[in-house]
There are 2 protein chains.
Amino acid sequence: MLTQERHQLILQQLAQYGTVKIKELILLTDASESTIRRDLSELENAGQLTRIHGGASTINTISHELSFPEKSTKNQVEKMAIAKAAASMVEDEEYIYLDAGSTTYEMIPYLQNKKIVVVTNGITHIDALSNYEITTYLTGGYVKHNTKALVGQGATTSMESYRFDKCFLGVNGVDFNYGFTTPDPEESFIKKTALRYSQKSFALADFTKLNKVSFSKIADLEDMTLITNETEDNRLLPYKNLSNIKVV
Amino acid sequence: MLTQERHQLILQQLAQYGTVKIKELILLTDASESTIRRDLSELENAGQLTRIHGGASTINTISHELSFPEKSTKNQVEKMAIAKAAASMVEDEEYIYLDAGSTTYEMIPYLQNKKIVVVTNGITHIDALSNYEITTYLTGGYVKHNTKALVGQGATTSMESYRFDKCFLGVNGVDFNYGFTTPDPEESFIKKTALRYSQKSFALADFTKLNKVSFSKIADLEDMTLITNETEDNRLLPYKNLSNIKVV
DNA sequence: CAGTTTTCAATCATAAACTTTCAAAAACGT
DNA sequence: ACGTTTTTGAAAGTTTATGATTGAAAACTG
């Protein structure tokens, strides 16, 4: 990746979110920590940003915070790492279902330049997918106001017209006995539908979701490949022996 | 490959991506590294690009980002007046189809507090509709990157599940003989579908669209009620005697 | 506030990109 | 066909960018 490309990416992230962490930039650019630090120094000297502990922020953070919604930075780096691993599963010429949700959203930058077709029920994904010029279809359906996800009969019906090589679903609970779960039965039903029409399915869950059980069941553990991240404790222990698990 | 061809290719890549790597150019041209370097030097001396470590970039990458910002607020006042009049046609308990486009978008603030259900193919409408807590369904379909409108078979199919009391469509051409027209046949087809499933239909067009004919026909004049605005000239003259016209 | 973890700046060796040079190949003109 | 000019690709030596390492500084934790 060219120096200028990195600089542009950094400034773009800042314009979008107001702040950015070094670890996020490392994931986005595949550059080393040293390189990112050098980039931030240069951009700071050029007066394009201000460095803060752990990352950088726009010069005038105040105005930005008011006009733009803050990126929820909770487990952001973990989510990006998982998203990156998930995106690496995608190959050219494939048809992909991308679930609504923040983790699947983070996959989009890593799908750049892949010759794929994406179907999604996440309205928030559309802008990013358009920016990267990825061919996109949206399912129809009822608009959930809080999450901007499409659900209901309209969503499932429109999915019946499609078949996917791979689907990527966010899940809120992973449990050895209860399998994959999520709070909203409506969304759960959409996920199940995606699952049914996909050759291969992936569940994205950061470590905070492990050994949690949510309300509505999506599938059993063996039905999807779990993509999650390493932790220092032994939360992952029950799953270590599973064949369909990828730990980043 | 001719020198001139290479130069053209380099400039074309730059125009498309803003930056280009030397390794990419080697692959694209089958020329040696030395040759590409010479090309870049020459083009830099000619003031056509700036070389950077690893490749080259356009002189002012900033201009690319500046082209983004604001879309023309052309005829904004007229559009709002028309939108307001259109929204006043909507009554409680009705099921409404709201077409994608800037004029129909302006209707949304005026729909506040109405107990209605809205179906739309305009992704850009969703945020506003959510803000006003209006029950919303989105049609599915292919995402047109530039307009963020949903089109294609998926869109029309999903509309078949719905029936509307009223639909509001933006049109680009209104002509006494040719009726209502719009540039994109795909979008035209969606509008026709909405029309078919609506009890009553409204076409929104500011005075600049009058006596214009666009490529793809939507309907005849008598099929929709035209909502447009007053002008000082006599553009409106041919339509004055129509029963289904509302001038604001 | 002491101990731990994370982040940071500085340094250095390596790898990648760059410039210069030169000889071979291709294109050109007579 | 012959010599001349232009273009090309490879090689040498130079510069720049990068990633790993290390100890210091800052933030976090109990």
Side-chain angles (χ1 to χ4, degrees), chain A residues 1-11 13-14 17-59 61 70-82 84 206-208 229-236 248, chain B residues 1-11 13-14 17-59 61:
Chain A
M1 191 174 223
L2 257 34
T3 304
Q4 191 169 332
E5 290 179 306
R6 281 199 315 274
H7 287 193
Q8 235 166 308
L9 181 74
I10 292 169
L11 294 175
Q13 289 286 311
L14 280 175
Y17 301 112
T19 61
V20 67
K21 291 185 198 152
I22 286 184
K23 293 201 170 173
E24 293 170 3
L25 293 173
I26 291 171
L27 279 167
L28 281 169
T29 59
D30 276 320
S32 71
E33 190 183 315
S34 303
T35 300
I36 299 295
R37 288 187 187 289
R38 265 186 289 260
D39 287 339
L40 293 183
S41 290
E42 289 168 26
L43 288 170
E44 183 174 45
N45 285 335
Q48 310 236 44
L49 52 78
T50 45
R51 297 186 65 180
I52 56 178
H53 200 80
S57 83
T58 48
I59 306 282
T61 336
E70 267 278 318
K71 188 185 203 174
S72 72
T73 50
K74 217 176 82 179
N75 304 325
Q76 182 62 22
V77 174
E78 284 83 356
K79 280 182 180 177
M80 285 179 67
I82 291 166
K84 186 177 183 179
D206 61 70
F207 68 92
T208 64
N229 58 327
E230 195 64 75
T231 86
E232 66 288 350
D233 58 25
N234 50 11
R235 260 185 271 206
L236 262 168
V248 298
Chain B
M1 190 175 227
L2 257 38
T3 305
Q4 197 172 341
E5 287 181 299
R6 282 199 315 274
H7 287 196
Q8 223 167 320
L9 183 74
I10 292 169
L11 294 175
Q13 289 286 310
L14 278 176
Y17 299 112
T19 58
V20 67
K21 299 194 229 315
I22 284 188
K23 295 207 166 172
E24 290 172 357
L25 293 173
I26 292 172
L27 284 172
L28 280 168
T29 59
D30 277 321
S32 72
E33 191 181 313
S34 305
T35 301
I36 300 294
R37 287 188 188 287
R38 265 186 289 262
D39 288 339
L40 293 183
S41 290
E42 289 167 26
L43 288 169
E44 183 174 45
N45 285 333
Q48 310 237 43
L49 52 76
T50 44
R51 296 186 65 183
I52 56 179
H53 201 83
S57 87
T58 48
I59 305 281
T61 36

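Order of the sequence lines sets the chain letters (A, B, ...), proteins ahead of strands, with each chain counted from 1.
Residues satisfying the salt bridge (charged side-chain N to carboxylate O under 4.0 Å, His left out) test with K84(A), not counting sequence neighbours, are D30(A).
A 4.5 Å side-chain heavy-atom check between L25(A) and D39(A) finds every atom pair outside the cut-off.
For the residue pair Q4(A) and S57(B), a side-chain donor N or O sits within less than 3.5 Å of a side-chain acceptor on the partner.
When the C1' atom of dC18(C) is taken as reference, atom CZ of R37(B) falls 5 Å away, rounded to whole Å. To the nearest angstrom, C1' of dA17(D) lies 14 Å from NZ of K21(B). In this entry the distance linking CD1 of I22(A) with P of dA27(D) reads 13 Å, nearest Å. Counting to the nearest Å, the C1' atom of dT16(D) and the CD atom of E42(A) are 11 Å from each other. In this structure, the NE2 atom of H7(A) is 13 Å from the C1' atom of dT18(D), given to the nearest Å. In this structure, L25(B) places its CG atom 11 Å from P of dC18(C), rounding to the nearest Å. Taking atom NE2 of residue H53(A) and atom C1' of nucleotide dT6(C), one finds them 6 Å apart after rounding to whole Å. Counting to the nearest Å, the C1' atom of dC8(C) and the CD atom of E44(A) are 13 Å from each other.
Counting non-hydrogen atoms under 4.0 angstrom, I52(B) reaches the backbone sugars and phosphates but no base. Using a 4.0 Å heavy-atom cutoff across all strands shown, K23(A) reaches sugar-phosphate atoms only and no base atom.
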Nucleotide-resolved protein contact map, nucleotides 5-12 of chain D, B/S/- at heavy-atom distance under 4.0 Å: ---BBB--
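In this structure, CG on D206(A) lies 10.5 Å from CD on Q76(A), to the nearest 0.5 angstrom. Residue L9(A) holds its CG atom at 5.5 Å from CD of Q13(A), rounded to the nearest 0.5 Å.
In this structure, the side chain of T35(A) does not engage the main chain of A31(A) through any donor-acceptor pair within 3.5 Å. Side-chain atoms of E44(A) never come within 3.5 Å of backbone atoms of L49(A) as a donor-acceptor pair (strictly under, hydrogens ignored).
Annotation: E5(B), atom CD; neighbour count of heavy atoms from other residues, nucleotides and ligands within 6.0 Å is above 12.
Over its length, the helix from dC1(C)-dG30(D) to dT30(C)-dA1(D) turns its helix axis by 40°, as judged from the five terminal pairs at each end, rounded to 10°.
A salt bridge is defined here as a Lys NZ or Arg NE, NH1 or NH2 lying under 4.0 Å from an Asp or Glu carboxylate O, and E42(B) with R38(B) fails to meet this definition.
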